[in-house]
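Right, one structure below, let's go through it.
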Amino acid sequence: MRLQAVKGTQDILPRDQAAWLSVSAAAKEVLEAAGAGALTTPIFEYTDVFEKSVGDSADLVVQKEMYTFEDRGGRNLTLRPEFTAGVMRAFIEHGMHTLPQPVKLWSQGPLFRAENVQRGRYRQFHQVNFETIGLDGPLADAEAIELLYRTLRRCGLTRHRIKLGSVGDPEDRQAYNAYLRAELAGIAHELSPVSQERLRLNPMRVLDSKDANDQRLIAGLQRPLDRLGPPARAHLAKVEEYLGAWGVPFDLEPAIVRGLDYYRRTAFEAHYEGIGAQSALGGGGRYDGLIEMLGGPSLPGTGWAFGVERVIDAMAQEPDREAGEAPRPDLFLVPLDDDAVDEAAALAMSLRRAGRWVEFAYQRRNPGKGLRDADRSRARFAAVRGAEERQRRAWQLKDLTSGAQLEVVETDLAAALDERLSKNA
RNA sequence: GUGGGUGUAGCUCAGCUGGUUAGAGCACCGGAUUGUGGUUCCGGGUGUCGUGGGUUCAAAUCCCAUCAUCCACCCCA
């Protein structure tokens, strides 16, 4: 069998690295300026870490999509399918509740879910994640949303939208589910099979149905937002107020839904049209109670994550993205005889130590070939050395843009190159 | 898990009503050019036609299976 990357995984080639690094740099810049510390956790954890965090809502899907395995010591391990659980485990394990509160943490790296692959959805994918732990007011939620919005902005996106909603408090959700069951009981048989199943397991999800007939049937029903209890309603109003004051554009989403039980109140997503069916760049919300579920102190939290692949996909859709020119080597050395090969190598090492990007031909070349090699390397300058130059302890330094060439004594080469590079820059 | 599209050179693709030796452009390598590049010209195919099986005198082409990939459903912690 021909060796190939596993289904749903991909190589990030040199030509794509700039985009990846720019996302990383944007996240670091924006999040650390808000006081977030970088946290790197292992990519696998005891399976318990994830199972405890999903709790009762351990949807079969969630379980099924985890990469779980037993290691040689018989440990039951899982490749992380999300960041939050591992971050909370580390928070607890390192006693971060004793740090000045709140604690803000950001992470990035690969995650693993055994999903069926399509555009914007892979089995190994990458996210940038942010959490604020220890604050339960709406201000923390609003700040997190602002940071999500601005991090995406810093990545160069201009057309992303924040959808804001609330899943309410647990009692609101119970009440709303009861309401849905009551309202839909009589017409359940008219719903699509998928929606009938949802009605049994998690009625709120019926609202997500893409079936036109389902949508018609539920059109007249109240949305979760219509039935929030007073505390959750006040909380959401305050988040809206902050975002408005800070100039973060958002759309109120009357039926935002979360798959996991630990979410409460604020929920939000960032969307971008034009990147296929997976238009969600990322999302998050408030998860009071999660830390306690994992055996830690009772602390509230709020956080989000976005998918790096999807953001890069969106970046490519931006009309005015600057076509950043790829970096080029400073100098390419052309040895005209065998001795010059070693001399070129030695010179390259010395110039590289001084921080310049220097390449050289690994075999003796004739001038025509050597300069063609230099061209193909995209270097700005070339330097040629043969027997004649050796006698004079010099190199022929050639500007590959203008064609201008002059002989430079080898001890002066670094300075001569530096001078010309700074002139062009 | 379900449905549909697509797999031919490193890349983008043509060839597919079965028929000599499987092609193009780009890329790549060599030469024209043994002391001066980019352009140009010449030469080189670098391929298990995704894989396995079947039909046939004959399969890149038709059939089945399988794998991969893309799009969508589903789901999205």
Side-chain angles (χ1 to χ4, degrees), chain A residues 1-10 13 15 49-55 57-66 78 80-88 111-123 125 127 129 192-195 197-198 201-202 205 208-211 257-263 267 269 275-285 287 290 293 303-307 310 332 334-337 340 361 364-379 381-389 396-405 407:
Chain A
M1 169 181 142
R2 191 171 164 179
L3 295 178
Q4 55 181 289
V6 174
K7 180 185 179 79
T9 68
Q10 47 202 180
L13 301 177
R15 62 159 189 261
V49 170
F50 303 111
E51 282 189 343
K52 282 210 166 100
S53 73
V54 295
S57 66
D59 254 325
L60 295 172
V61 179
V62 170
Q63 299 279 359
K64 218 165 48 184
E65 293 187 349
M66 295 204 301
T78 292
R80 64 184 181 196
E82 57 145 346
F83 268 113
T84 304
V87 169
M88 294 310 141
L111 303 171
F112 306 86
R113 297 180 194 175
E115 302 197 76
N116 222 338
V117 176
Q118 70 178 73
R119 180 172 181 189
R121 202 166 75 179
Y122 309 100
R123 292 185 171 179
F125 62 102
Q127 285 189 345
N129 184 76
S192 67
V194 173
S195 289
E197 180 74 4
R198 285 171 170 172
L201 296 174
N202 189 354
R205 301 213 71 104
D208 281 345
S209 176
K210 289 180 183 161
D211 184 281
V257 167
R258 283 285 107 106
L260 296 191
D261 279 351
Y262 57 67
Y263 280 102
E269 293 171 358
I275 56 170
Q278 309 297 315
S279 75
L281 298 174
Y287 48 80
L290 173 60
M293 262 160 56
W304 50 255
F306 67 75
R310 290 184 191 180
F332 189 97
V334 178
L336 298 184
D337 57 31
R364 161 168 48 104
R365 308 248 68 182
N366 65 45
K369 284 275 183 349
L371 287 170
R372 190 171 59 182
D373 290 346
D375 266 324
R376 291 182 181 183
S377 79
R378 307 182 61 252
F381 290 88
V384 180
R385 167 99 151 189
E388 298 169 23
E389 287 77 15
Q396 298 291 342
L397 181 63
K398 186 176 181 100
D399 182 330
L400 289 171
T401 314
S402 69
Q405 176 175 327
E407 185 164 299

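Given the structure is predicted, the values throughout are model-derived calculations rather than measurements. Here is the naming used below: chain letters follow the sequence lines, and residue numbers restart at 1 for every chain.
Phe381(A) places its CZ atom 19 Å from the P atom of G38(B), with the value rounded to the nearest Å. Atom CG in Leu336(A) sits about 9 Å away from atom C1' in U36(B), given to the nearest Å. Here the C1' atom of nucleotide A27(B) and the CZ atom of Arg15(A) are 13 Å apart, to the nearest Å. To the nearest angstrom, P of G10(B) lies 15 Å from CG of Leu13(A). To the nearest angstrom, C1' of C28(B) lies 11 Å from CZ of Arg372(A). Whole-Å rounding puts the Arg123(A) CZ to G1(B) C1' distance at 11 Å. Per the geometry, CG belonging to Leu400(A) stands 11 Å off P belonging to G37(B), to the nearest Å. Distance CD (Glu65(A)) to C1' (A77(B)): 10 Å, rounded to an integer number of Å.
Taking CZ of Phe332(A) as the reference point, atom CZ of Arg376(A) lies at 11.0 Å (rounded to 0.5 Å). Atom CG of Asn366(A) is separated from atom CZ of Arg372(A) by 9.0 Å, given to the nearest 0.5 angstrom. Separating the CZ atom in Phe306(A) from the CG atom in Leu281(A) is a distance of 8.5 Å, to the nearest 0.5 Å. The distance from the CZ atom of Phe381(A) to the CG atom of Leu400(A) is 8.0 Å, given to the nearest 0.5 Å. Taking CD from Gln127(A) and CH2 from Trp304(A), the interatomic distance works out to 10.0 Å, rounded to the nearest 0.5 Å. The line from CD of Glu407(A) to CD of Glu388(A) is 8.5 Å long, rounded to the nearest 0.5 Å.
Of the candidates Arg113(A), Glu82(A), Glu51(A), Arg80(A), Met66(A) forms a side chain to side chain contact (heavy atoms under 4.5 Å, CB included) with just one, namely Glu51(A).
On a pure distance criterion of 3.5 Å, no polar donor-acceptor pair joins the side chain of Arg121(A) and the base of C71(B). For Glu115(A) against G1(B), a side-chain-to-base donor-acceptor contact under 3.5 Å is absent. Interface remark: the Asn116(A) side chain does form a donor-acceptor pair with the U2(B) base, using a distance-only criterion of under 3.5 Å. Judged by distance alone with a 3.5 Å cut-off, no donor-acceptor contact links the side chain of Gln396(A) to the base of U36(B).
Listed nucleotides: U34(B), U36(B), C76(B). Nearest to the side chain of Arg113(A): C76(B). Distances from the side chain of Leu371(A) to the nucleotides U34(B), U2(B), U36(B) place U36(B) closest.
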Set out, line by line, the N/O atom pairs under 3.5 Å between protein and nucleotides 66-70 of chain B.
| from | atom 1 | to | atom 2 | distance (Å) |
| --- | --- | --- | --- | --- |
| U69(B) | OP1 | Gly8(A) | N | 3.2 |
| U69(B) | OP2 | Lys7(A) | NZ | 3.4 |

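Between G18(B) and C11(B), the distance separating the two P atoms is 30 Å to the nearest Å. Separating the P atom of C49(B) from that of C41(B) is a span of 32 Å, rounded to the nearest Å. Atom name C1', nucleotides A9(B) and U48(B): the rounded distance is 13 Å, in whole Å. Separation of the P atoms belonging to G54(B) and C70(B) is 31 Å when rounded to the nearest angstrom. Using atom C1' as the reference point in both C63(B) and C16(B), the two lie 15 Å apart (nearest Å). Comparing the P positions of C26(B) and U17(B) gives a spacing of 28 Å, expressed to the nearest Å. G45(B) and U39(B) have their P atoms separated by 23 Å, with the value rounded to a whole Å. For A59(B) and G50(B), the C1' atoms lie 16 Å apart once the distance is rounded to whole Å.
By the salt bridge (Lys or Arg N to Asp or Glu O under 4.0 Å) test, Arg365(A) pairs with Asp373(A), sequence neighbours left out.
A donor-acceptor pair under 3.5 Å is formed between the side chain of Arg121(A) and the backbone N or O of Asn116(A). Counting only distance, with no hydrogens or angles, the side chain of Arg310(A) and the backbone of Gly120(A) share a donor-acceptor pair below 3.5 Å.
Contact check, Lys369(A) against G31(B): a side-chain N or O comes under 4.0 Å of OP1 or OP2.
Within 4.0 Å (heavy atoms only), Arg376(A) reaches sugar-phosphate atoms of the nucleic acid but no base atom. Residue contacts for Asp375(A): at a heavy-atom cut-off of 4.0 Å it reaches a base atom on one of the strands shown. Across all strands shown, Gly370(A) has no heavy atoms under 4.0 Å from either base or sugar-phosphate atoms.
Taking a pair as Watson-Crick or G-U wobble with both distances under 3.5 Å, RNA chain B forms stems of 3 or more consecutive pairs at B:1-7 with B:67-73, B:10-13 with B:23-26, B:28-32 with B:40-44, B:50-54 with B:62-66.
Comparing Gly368(A) and Arg365(A) by the nucleotide of RNA chain B that holds the closest heavy atom to each, the one mapping nearer the 5' end is Arg365(A).
Remark: Arg364(A) CZ is loosely packed, at most 12 non-hydrogen atoms of other residues, nucleotides or ligands lying under 6.0 Å away.
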